[in-house]
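Structure record follows, encoded as C-alpha cells.
In what follows, chains carry the letters A, B, and so on, assigned in the order in which the sequence lines appear, proteins first and then strands, with residues in each chain numbered from 1. From a predicted model like this one, the values you see are computed outputs, not experimental measurements. We use all heavy atoms of the structure for the numbers below, so side chains are in, but hydrogens, waters and symmetry mates are not.
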There are 2 protein chains.
Amino acid sequence: MPKSDHRIRVTKMLIRRAFTEILRNKPIQSISVKELCETAGINRGTFYSHYTDIYDLMKKMEEEMLEDFQQALQPLLEVHEEDMTPVKITAGIFQCLKENADICTVTLGPFGDKEFAARLIRIGRDNYVESYQRFFKGATPRQLEYYYAFVSAGCIGMLERWLAEGMHTSAEEMADMAEKIMMYGIGFLRGEKAKEEVKEDYPV
Amino acid sequence: MPKSDHRIRVTKMLIRRAFTEILRNKPIQSISVKELCETAGINRGTFYSHYTDIYDLMKKMEEEMLEDFQQALQPLLEVHEEDMTPVKITAGIFQCLKENADICTVTLGPFGDKEFAARLIRIGRDNYVESYQRFFKGATPRQLEYYYAFVSAGCIGMLERWLAEGMHTSAEEMADMAEKIMMYGIGFLRGEKAKEEVKEDYPV
DNA sequence: AGGTATTTCAACACCGTGTTGATTATTGTT
DNA sequence: AACAATAATCAACACGGTGTTGAAATACCT
C-alpha cells in the first residue's frame, strides 16, 4: 500500500500551482475546471479523480493549511514557561501565515473565502476565550462575545493588510502592534503609558 | 418618458426577494439564473434585460444599500455640534444597517461578499483617518494604517455577529461597546477606569 | 520484470448560459 | 377609450462547461 504515489503528488502540485496562479487575476467563481486543467497541463479527468469541483479543491487546500497552522500553534500554547508571552505566541501565528503566504494571500484576499478566515479565528478562540472568561468575571458573556468578535476580526483585518502589502513588516512587529491594540485600543497610538496598570491583570 | 414603469419595479422586487430568499441557505456561487427566475416566478429573458448575471444583481443591490448608507451617514457627520459624540455617530451607523438588515445579513453573512464589507469600511475611513492623522502626530503612518485596518475589520466582525444573533442588542449599546473597545482595548472588559485619562485627547 | 495504480484520451449526455425574434400584456399619454 | 411605447413571455437556438465512461497508455513500487 503505497501511501503516496509520486504521480499523485506531482499532479496535485501542478493543480495547486495553477490554481493560485489563476486566482491572482481572477475571482474563484469564474475559474472553470477546464481552464484550470489547461494551465496545469493535466487531463480534466485526472482532476475529477482527486476533487469534485473547484470549491472542493479550495476547501482541501485550506484544510491542509489549517493543519499546518494548528500544528505550528500547538507548541506555542503548550509551553507554560514564563518567557512565553502573548506577544511571542501572536508573533508565531503571524510567522506561520507568512510561511503559507501563497495560499493565504488568495484565500484572505478580496476574492477569498470568508469561511476560511472564520475558521482561522475559531482556532484561537477556544484557547483564549476561556482564560478571558475566567479572568474578567465582571464582564457579561455578551460583552466577552463581542469583544472576541471584534479583536478576532480585527486581527484578520490587520493580517489581510499585511499580506496585501507584501509582508514587509516583521512578524514580531505585527504581533506587537496587534497585541497593543487589543490591550490599549487607541492608546496604542499614544504610546504605552497605560501598560503597567493593566499588565499584572492580564492572563498568561 | 416614463421614469419608472410599474412593471419594472415589480419585476425587480420579485428578483431581489427571490435572491435574498435563496441566499439564505445556499452560497451565491451555486445560484443559477434559471433557479432564481423560477423561484421569482419570472421569465429568464426578463432577468437578462435588467442584469447581466447573478453577480451583477448582487453588485447593484449592494450599490443601492451603500447609497442609503452614505445618505444616512451624511447628516451625522456634517453636524458639528457638541452633542454629536462619536458614539452617536456609530450608533447611527448600526441603526442604518439594522434597517437594511435583509441585504446586510446575506452580504455580510458567511456566504457574503468580502468586497461589500471592504467598501463599507472605506466609507468611514476617509472621514475618520484624517482626524486621527492630524491628532496622533507621534504615530507613524504605518501604525495608523494598521490601527485602522484593525478597528474597521473589528467593527465589521462585531456587526456580523450582531446580525447573526438577530440584532437583539440595541444599536446604541452596540455602538457603545464598539467605541469602548476601540478606545480602551481589553480595558473595556474591566470597566472604564481609564476613560478620563484619554477622553480629553480624543478628536471629536 | 511484474502487477498495480494513475493518467490520458475521446466520446458522451446533460445542463445552464446568453441571445434571438415573434407574441402577448401592461403601461403612460392623448 | 384608443394609442403607441414599453415590458414581459415564450420557444428555440448555438455555445460551452460539466461530470462520467471505458479503453489504452504510462508510470510507479517491490
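Following rounding to the nearest Å, A:Tyr51 (OH) and C:dT7 (P) show an atom-to-atom distance of 10 Å. Spacing between atom NE2 of B:His6 and atom P of C:dA25 amounts to 18 Å, rounded to whole angstrom units. Rounded to whole angstrom, the span from the CD atom of B:Glu35 across to the C1' atom of C:dT17 amounts to 15 Å. As rounded to whole Å, 17 Å separates atom C1' of D:dG17 from atom CD of B:Gln29. Remark: P of C:dT17 and CD1 of B:Ile54 are 7 Å apart, rounded to the nearest angstrom. Rounding to whole angstrom units, NZ of residue A:Lys34 and P of C:dG16 are separated by 19 Å.
A salt bridge (charged side-chain N to carboxylate O under 4.0 Å, His left out) with B:Arg16 is found for one member of B:Glu62, B:Glu21, B:Glu64 and no other, namely B:Glu64.
No salt bridge links B:Arg44 with B:Glu35; every basic N to acidic carboxylate O contact stays at or beyond 4.0 Å.
Contact between the side-chain N/O atoms of A:Thr11 and the OP1/OP2 oxygens of C:dT7 is found at a separation under 4.0 Å. For the pair B:His50 and D:dA8, the criterion of a side-chain N or O lying under 4.0 Å from OP1 or OP2 is met.
Residue contacts shown for A:Thr46 include a base, since a base heavy atom lies under 4.0 Å away.
Of the candidate nucleotides C:dT19, C:dT27, C:dC9, C:dC9 has the atom lying nearest to any side-chain atom of A:Asn43.
Where B:Arg44 and A:Val33 meet DNA chain D, the nucleotide closest to each residue was compared, and B:Arg44 sits on the side nearer the 5' end. Between A:Arg7 and B:Thr52, the residue whose closest nucleotide on DNA chain C is further toward the 5' end is A:Arg7.
Counting heavy atoms from C-beta outward, B:Arg119 and B:Glu63 have side chains that approach closer than 4.5 Å.
Taking the six-membered ring where the residue is Trp, the centroids of A:Phe47 and A:Tyr51 are separated by under 6.0 Å.
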